Structure formats: C-alpha cells, structure tokens
Amino acid sequence: MNPVRLSRRTFTASATAGVLLAPFFDLLRRAPAQAATTKRAKRVLLFCTMGTSPDLWTPTGVTGENAFTFTASTQPLAAQKDSVVLVDGLVSGNPGDNHGSPDGLSGLGFNYSGQAAMISVDQFLGDQLKVQGVNRPIATLLLGADTNSSGGRTMFNRQNNLPTIGSPLSAYNTVFGGGVPSTGTGGAASAANLLRRRKSVLDLINGEITGLRQTVGSGDRAKLDAHLDSIRQIENRLTMSMTMPAGASACSKPATMPPDDSKNILQTNLLHTDIIVSAFACDITRVAALQFGSDQSMPVDMPDLMLQGEEHGGFIHGGGPDFKQLIKLEQWLAARFVDFITKLKAIPEADGSGSLYDNTLMVWARDMGDAVNHNQKNMRFVFAGGAGGYLKTNPNGRYLHFNGADPTDRHERALLSICDAMGVTSFAGFGDPKLTGAAKAPLSGLSG
C-alpha cells in the first residue's frame, strides 16, 4: 500500500464510534529499579509467534558473543545483523507451562490466570507511559489475524486474555478512521460540534457498560473493564485530534482501504505491518504488537513458497526429524522481522531525531522456548532497533546466552529490559512478586 500524506491535525478516531468499537465487541461475548540512563526508546514493537525447535534457532559455531553463525531458520536476520541481538538461556518461572500460558509476556504462569496481578508487558507499558504523561491516542495497539484459531489464545493479558484486532479494515479504521474537519469558514465550529456528538455516543455506551458491570460476575467484569478502557482510548483520541498544533509534521497512512478479511493469516499480517509502521509515524501509539496465529494453530497457505499446512500440529509436532516446513516458515517470519527494520529505517522522525528505527525497540517474543517438547526452560528473544541508543549492537551481530541454571536468569528479566528501554524503571505491579534483587532487574549486557 502506497502512502499518502495528511496532517496530524486532521486525525480522529473514526467516522463513527461504532466503527472503532467493533473490534472490541468480542470482549463482551464470551521491586528494585535499575539506575536510570538517558538512552531511551520512544516506542516498542512486539513481534509475537509460537515457540520453535531449539536446534533450528540456536546459533552454531559460537566462539564469542559477536562470533557465531545464524542457522538456516534465522539466516534472514543476517541481512540486518548490525541491528540484532539474539538472547536465550532464560528460564520461565513456570517451565512446565506450554502453549497458551500467559508466561511469555507477563512472567506469570497458569497459576495466576484470572488474577489482577497478571498483566503482559504491552499493557503494563501502556499504563506506565500514561503515568509519565505520554498519553497517546491508542495506548497499546494489538493486531493479528485469527489469533483465536482452534480456540487458542493471544500472548496479551490484563487479568484475562486479550483479543487482537484481526481484520485489516478494522485495524485501519481504528488507527486512521475519518477526520475532524479542518478549520476554515465554520470549520472550527463544525469540528467542535462533531466532537461533542461523537463523545456523547461514547458517554452513552460508557454509562450502559458501567451499569451492566454491576450485574455480572468477576470474569465478565474484567472483560467489561477492558472494553471501557478501549472507550477511554477513543475519547482520548477524539480530544487530541482537536488539539493538534497547526503546522504539525505530516505523517503517512496506507493509501487504500485494506480488505475486511483475515483468512490468510500471513498475508493479512503483512497489511497489519504497514498499519503499525504508519501508526508509529503518526505517533498514534507508542506500543504496538503483532501476533501470528494463536497458540494452538496457524494455518499456512503460501503455495509460491511451497509452504502449506498448519504450524502447531503439522510443522512443529508432525514435522520432525528434519522440520523442513518449520524451517521455511521460520525463515519467512525472520524475513518479515527484517522487513520491519527496513521500513522503520526508511521513515524519518517528525522531530528530526533520526528515523523511526533509531527510536524504536523491536522484540521478537515467543510463547515458549521449546515448542516441540512443550516447555519454557529456555526462552528465546530477538532484540533489534536503535532504541534511542539503549540497545547495544555490533556490526557482526550479538548473541547473549545466559545460564539457565542460575536462579537469577529468569526470562522475566528480558521483559524488564523492555520496560527499562522505554524509561519505565519501577516494576511494581509487573511480573512475579516473589522475585527480588538481580532476578528482578533488566538483563545485564543487553543495553549499551
């Protein structure tokens, strides 16, 4: 999709509140801080997939953190190796948990399911940025086609599991839906009247949901609370659209409306990629995530790559011992992660502080470390991005292997590094409350 230019002044949530509320209606249905540093990322992108087979991922020929060979599965990352840091050897607090557990992005296992303490890093960051006064129109943008496939779950949680926006059209409308009229003859008055009408609709919905909340159980209340939060985001965006300063830097959005279709997960998520990049360029959000499939299934239909089947039951559990199809899929995913890097490098920041890439932290996270054997004994991450200088990179790439036998080498520390990179250095309310000291601190050696 080719970009068109528009002023940030003209942005608002949507032509109607209903368009933006549609992606959220599914919700109604069913410790010590590390010393501060001036090197900070402005935004974070989470690239979320199922686990893999360790032998397909783990670098070979390792003689040092900057001397290793990418495997066939990760080879596409070599094209941007000066941007990439591979991290493994981190154990979950619940190593026996498998697909669908909340551990991946929350640090907490199934035993915390449904408890208020369970929150994924994307949601925690969105909340903490607002506390810091970074109040963007969309606090966290969660995209991904068919992330409930075969009854599966996402990697995102706020007490309960959170849905993603699956339809590219719904995602487009959420981020780029209709605009408040520009000022001119009657323009300001018309814009104000339109804003009042839209907010009155949201106030009505808000009131009805608040009333309903008093009549349902705790599980449904949590879903309604998430729904109310989405309404607050829309209200915030409507208000902010009226206060964009004249002459604000232009941003870009996809030129054509994407289809309302999410059946081909991989192709659909390519459209979501463009929407996320444009949302970053327009500073609509500072926290975005893209998930590929659910924890239980991801149908793959890429005949041009001779790649067809299903990831979970087919490629992972039925693809051994050579895992040829899984290797092809992992290569494709790695290439898409590199595409994200390339796209972000091509777009300048509105304030002139380099490119979007220079100020973005990118993290490829998985729901478990060893999907073949269903365990989280060795969680794997790919970190990338300029991240405002936070992430230490090397022209030859970096590979950080931690000793999973060390009780401080918990995978939650990778999540705390994401927070630290974004300037969030108090971790109270996030992750395992029993962790202290080095186990409750960002990873050593990751930052510059």
Side-chain angles (χ1 to χ4, degrees), residues 8 11-14 17 20-21 23-24 27 31 33-34 36 40-46 105-107 116-143 156-160 162-165 174-175 195 198-199 202-203 205-206 209-210 222-245 248 251 276 279-289 349-351 356 359-361 363 387-388 390 415-431 442:
R8 287 165 66 184
F11 269 74
T12 189
S14 176
L20 278 186
L21 288 172
F24 302 101
L27 293 176
Q34 193 178 47
R40 295 299 182 202
K42 181 186 253 185
R43 61 186 71 84
V44 65
L45 167 66
L46 301 175
L105 292 180
S106 74
M118 190 179 69
I119 185 170
S120 53
V121 68
D122 51 287
Q123 300 299 301
F124 181 73
L125 274 176
D127 292 347
Q128 296 304 307
L129 290 177
K130 281 190 279 189
V131 170
Q132 294 181 3
V134 183
N135 196 18
R136 303 318 304 143
I138 299 176
T140 58
L141 179 63
L142 307 180
L143 304 184
F156 317 116
N157 293 273
R158 183 184 283 272
Q159 187 170 350
N160 292 287
L162 297 177
T164 59
I165 302 175
T174 298
V175 178
L195 175 62
R198 288 175 174 171
K199 290 194 69 175
L202 294 178
D203 289 342
I205 297 172
N206 195 326
I209 293 177
T210 300
K223 295 178 182 179
L224 290 172
D225 287 343
H227 190 59
L228 286 169
D229 185 64
S230 73
I231 293 174
R232 283 190 289 270
Q233 289 189 23
I234 295 168
E235 290 177 321
N236 178 47
R237 182 155 180 217
L238 287 171
T239 301
M240 292 184 70
S241 71
M242 294 294 295
T243 59
M244 290 290 187
C251 60
I276 287 174
F280 281 164
C282 296
D283 204 18
I284 298 299
T285 189
R286 296 287 177 90
V287 182
E349 287 279 9
D351 61 5
L356 296 184
N359 296 297
T360 301
L361 176 67
V363 184
Y390 179 89
L415 307 179
L416 299 182
S417 292
I418 297 172
C419 297
D420 189 48
M422 291 289 287
V424 176
T425 56
S426 173
F427 310 128
F430 179 77

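Positions are given from 1, in the same order as the sequence printed here. What you are looking at is a predicted structure, and each value in this text was computed from that prediction instead of being measured.
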Are any non-hydrogen side-chain atoms of [X] and [Y] less than 4.5 angstrom apart?
X	Y	value
F430	L415	yes
V121	C419	yes
F280	L45	yes
V424	F124	yes
V134	K42	no
I418	L46	yes

Ignoring hydrogens, what is the shortest heavy-atom contact between [X] and [Y]? Give both atom names and the distance.
X	Y	answer
M422	R286	CE-O, 4.0 Å
L361	A421	CD2-CB, 3.7 Å
R136	I284	CB-O, 3.5 Å
S417	Y390	O-OH, 3.7 Å
A288	I276	CB-CG2, 3.8 Å
V44	L125	CG1-CD1, 3.8 Å

Quiz item: Are D127 and R158 close enough, and set up right, to give a side chain to side chain contact (heavy atoms under 4.5 Å, CB included), and what steps lead you there?
Solution: CA-CA 11 Å; D127 292 347; R158 183 184 283 272; 3.0 Å; yes

Do the side chain of [X] and the main chain of [Y] share a donor and acceptor less than 3.5 angstrom apart?
X	Y	answer
S120	L105	no
R40	D420	yes
R43	L356	yes
Q123	L162	no

Quiz item: About how many Å separate OG1 of T164 and CG of L141, when rounded to the nearest 0.5 Å?
Solution: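 Those atoms lie 10.0 Å apart.
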
Quiz prompt | Spacing of CG belonging to L142 relative to CZ belonging to F156, to within rounding of 0.5 Å | solution =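 Taking CG in L142 and CZ in F156, the distance rounds to 5.5 Å.
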
